[in-house]
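Below you'll find the structure, written out as structure tokens, and then a few comments.
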Amino acid sequence: MSRMNPIPDAAATPEARAQLHEIRGAFGAVPAMFGTVAHSPAALAAMWGAFKALGGGRLGAALGEQIAVAVADRNRCDYCLAAHTVLGRKAGVSAEAMAAAQQGHSADPRTAAALGFAVKLVEDRAQVTGADLAALRGAGFDDGEIVEMIAHVALNLFTNYVNVALDVAVDFPRVRLTARAA
């Protein structure tokens, strides 16, 4: 059972209500995570603003969602794993590729490099090396894309922590965590 319920629209501040309206327009409903974060209009603005900004970034939706499932699996976040699997499929990533990404793998060398970097950021608490950055550059990523990867990981850490700490009810089809993360 959730440790904190989503805030009803009527109880939200005018600022949060406006953002929830925008979120409803994007998703067709307000996912429980956003409704829960709406208890803090500042946190909701930060989260939704980051989603919008990165959604228009250069990495693209498919890679962003693959990074999200890799991060979610490492943090044992059932909510984000479920949500980003759905979003990844909507972005055109196959079910098999999403399952591989969850484990930090990809058949595509460029995607594999990005996922390996994202996993290292999480598992090693951002203690990466110049060689790690050189490997990304060798895979075809420029410095802007590398910074964007770090931003994706940071946003997903934020959402994972909210969902795990508050045990937010999963309102997307569930996906099993891998044995590695379980």
State, with a plain yes or no, whether a side-chain heavy atom of [X] is found less than 4.5 Å away from one of [Y].
X	Y	answer
Leu81	Phe172	no
Cys80	Val71	no
Gln103	Asp73	no
Leu44	Leu20	yes
Leu63	His152	no
Thr159	Met47	yes

With sequence neighbours excluded, what pairs up with Asp108 under the salt bridge (Lys or Arg N to Asp or Glu O under 4.0 Å) test?
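Counting only residues at least two positions away or on another chain, Asp108 forms no salt bridge (Lys or Arg N to Asp or Glu O under 4.0 Å).
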Which residues satisfy the salt bridge (Lys or Arg N to Asp or Glu O under 4.0 Å) test with Asp171, sequence neighbours excluded?
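So Asp171 forms no salt bridge (Lys or Arg N to Asp or Glu O under 4.0 Å) with any residue.
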Say you draw a straight line from [atom1] of [X] to [atom2] of [Y]; how long is it, rounded to the nearest 0.5 Å?
X	Y	atom1	atom2	answer
Gln19	His21	CD	NE2	12.5 Å
Glu145	Leu59	CD	CG	5.5 Å
Gln127	Asp132	CD	CG	11.0 Å
His39	Thr13	NE2	OG1	11.5 Å
Phe141	Met149	CZ	CE	4.0 Å
Arg176	Asp78	CZ	CG	11.5 Å

Full working for side-chain contact (heavy atoms from CB on, under 4.5 Å) between His84 and Asn156
CA-CA 10 Å; His84 290 289; Asn156 283 284; 3.5 Å; yes
Closest heavy-atom contact between [X] and [Y]?
X	Y	value
Ala101	Gln66	CB-CB, 3.7 Å
Leu155	Ala50	CD1-CB, 3.9 Å
Val175	Ala82	CG2-CA, 4.1 Å
Leu115	Ser106	CD1-CB, 4.1 Å
Ser2	Ala169	OG-N, 3.0 Å
Thr85	Met98	CA-CE, 3.8 Å

Report whether [X] and [Y] are members of the same hydrophobic cluster (ILVMFWY, side-chain heavy atoms less than 4.5 Å apart, transitive linking).
X	Y	value
Leu133	Val153	yes
Phe51	Val30	yes
Val37	Leu54	yes
Ile150	Leu136	yes
Tyr161	Phe158	no

Can Glu65 and Val93 be said to form a side-chain contact (heavy atoms from CB on, under 4.5 Å), step by step?
CA-CA 9 Å; Glu65 299 305 337; Val93 182; 5.8 Å; no
Take Met33 and Thr36, measure what side-chain contact (heavy atoms from CB on, under 4.5 Å) needs, and give me the verdict at the end.
CA-CA 5 Å; Met33 176 188 71; Thr36 302; 5.9 Å; no
More than 12 foreign heavy atoms under 6.0 Å from CZ of Arg3: is that the case here?
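Yes - once you tally the heavy atoms of other residues, nucleotides and ligands closer than 6.0 Å, there are more than 12.
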With sequence neighbours excluded, what pairs up with Phe27 under the side-chain contact (heavy atoms from CB on, under 4.5 Å) test?
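Phe27 satisfies side-chain contact (heavy atoms from CB on, under 4.5 Å) with Ile23, Pro31, Phe34, Trp48, Leu87 once adjacent residues are dropped.
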Stepwise side-chain contact (heavy atoms from CB on, under 4.5 Å) check, Arg74 with Val119
CA-CA 8 Å; Arg74 264 115 204 110; Val119 167; 3.4 Å; yes
